[in-house]
Amino acid sequence: MPLTPTADVMSSARRGRRAVGAFNVITLEHAEAVVTGAEAAGCPVICQISENAVRFHDSRLAPIARATAALAETAAVPVALHLDHVTDEALLRRAADCGFGSVMFDASALPHAENVAATRAAARWAQAQGLWVEAELGEIGGKDGVHAPSARTDPDQARDFVSVTGVDALAVAVGSSHAMTTRTSRLDHGLITRLAEAVPVPLVLHGATGVPDVELRQAVAAGMVKVNIGTALNAAFTGAVRDTLAAAPTVVDPRPALTAARRAMADAVTSALRTLSGGGYGTR
């Protein structure tokens, strides 16, 4: 099937009181695993490519984006394509031509007034190109070591930010932290409920790898609609590669290790999507 617009995936999830998993894609194996894992779960999914991942590919956006889009078009479930944590306006302006249905414009490191102005301008341009726009009021805990997991988004500020900028979704700080390798985060579910009541657009949880399943289910019940997962896939990838190479140290063909890595990532995607869907989607 063709790529599904992010707006459609999100609106469907919001109506059904479910959350959509958005998984970071770094290599082709990541994209293959996300699609395979989503098909196994029978759930829609978002493949997202971050600005950091684009830098990894020598700042070439089109090859990894178009390869991911091509995989999405072979999927048996709806797949959307999202450009994540964009700070470079030149990169933002390449999104529409590479098949993306949405972008997260990240001006959160700027002072509040500058964040508002930059986000408003980016949202107006992107929406005119048909792109759904996510933004962030303030940096989520743990990103670049700037904020602790104790950071919290104020509902009144969130309401004003969305109203002034016109964004389509808001990433909020409710207790998660980027790049965690242990699942020990505890979310502020009361705050999620207040934010969902205050903000008229879907809420987004970044740094969900460090959040236990029971906390994720509660977050979805409280109003979280998009849940970003990246480190869990990387941990699955590198763990499978290490195990495969340790078991066969003389092998030089990379395919056995990459096959194991892809399988491990797909399993992680399937597990996460089943948690987020709450059984609301059919499974295979």
Can you find a pair of side-chain heavy atoms, one from R194 and one from H189, that are under 4.5 Å apart?
no
Side chain of Q127, backbone of V133: donor and acceptor closer than 3.5 Å?
no
Got a salt bridge between R262 and E32, using NZ or NE/NH1/NH2 to carboxylate O under 4.0 Å?
yes
Separation between CG of D84 and CG of N52, rounded to the nearest 0.5 Å:
9.5 Å
Would you compute the distance between atom CG of L187 and atom CD of E215 and round it to the nearest 0.5 angstrom?
5.0 Å
Do D156 and R159 sit within salt-bridge range, that is, some charged N less than 4.0 Å from a carboxylate O?
yes
I need the M104 CE to T6 OG1 distance, nearest 0.5 Å.
14.0 Å
Judged by atom type as modelled, is there a donor-acceptor pair below 3.5 Å linking the side chain of S271 to the main-chain atoms of D267?
no
Look at the aromatic rings of F161 and H112 and report parallel, tilted or perpendicular, splitting at 30° and 60°.
tilted
For L71, is there any backbone N or O sitting under 3.5 Å from a side-chain donor or acceptor partner on T74?
yes
Just verifying a value: how many Å separate C98 SG and L83 CG, rounded to the nearest 0.5 Å?
8.5 Å
E73 side chain to P2 main-chain N or O, any donor-acceptor pair under 3.5 Å?
no
Please assess T165 against T119 for the test side chain to side chain donor-acceptor pair (under 3.5 Å), listing each intermediate value before the final yes or no.
CA-CA 6 Å; T165 60; T119 301; over 6 Å; no
How long is the straight-line distance from OG1 of T153 back to CD of E136, given to the nearest 0.5 Å?
8.0 Å
What do the steps show when you test E134 against S102 for side chain to side chain donor-acceptor pair (under 3.5 Å), and what is the final call?
CA-CA 8 Å; E134 175 188 335; S102 58; over 6 Å; no
As an exercise, state the distance from OG of S50 to CG of N24, rounded to the nearest 0.5 Å.
5.5 Å
How about CZ on R60, more than 12 heavy atoms from neighbouring residues, nucleotides or ligands closer than 6.0 Å, or not?
no
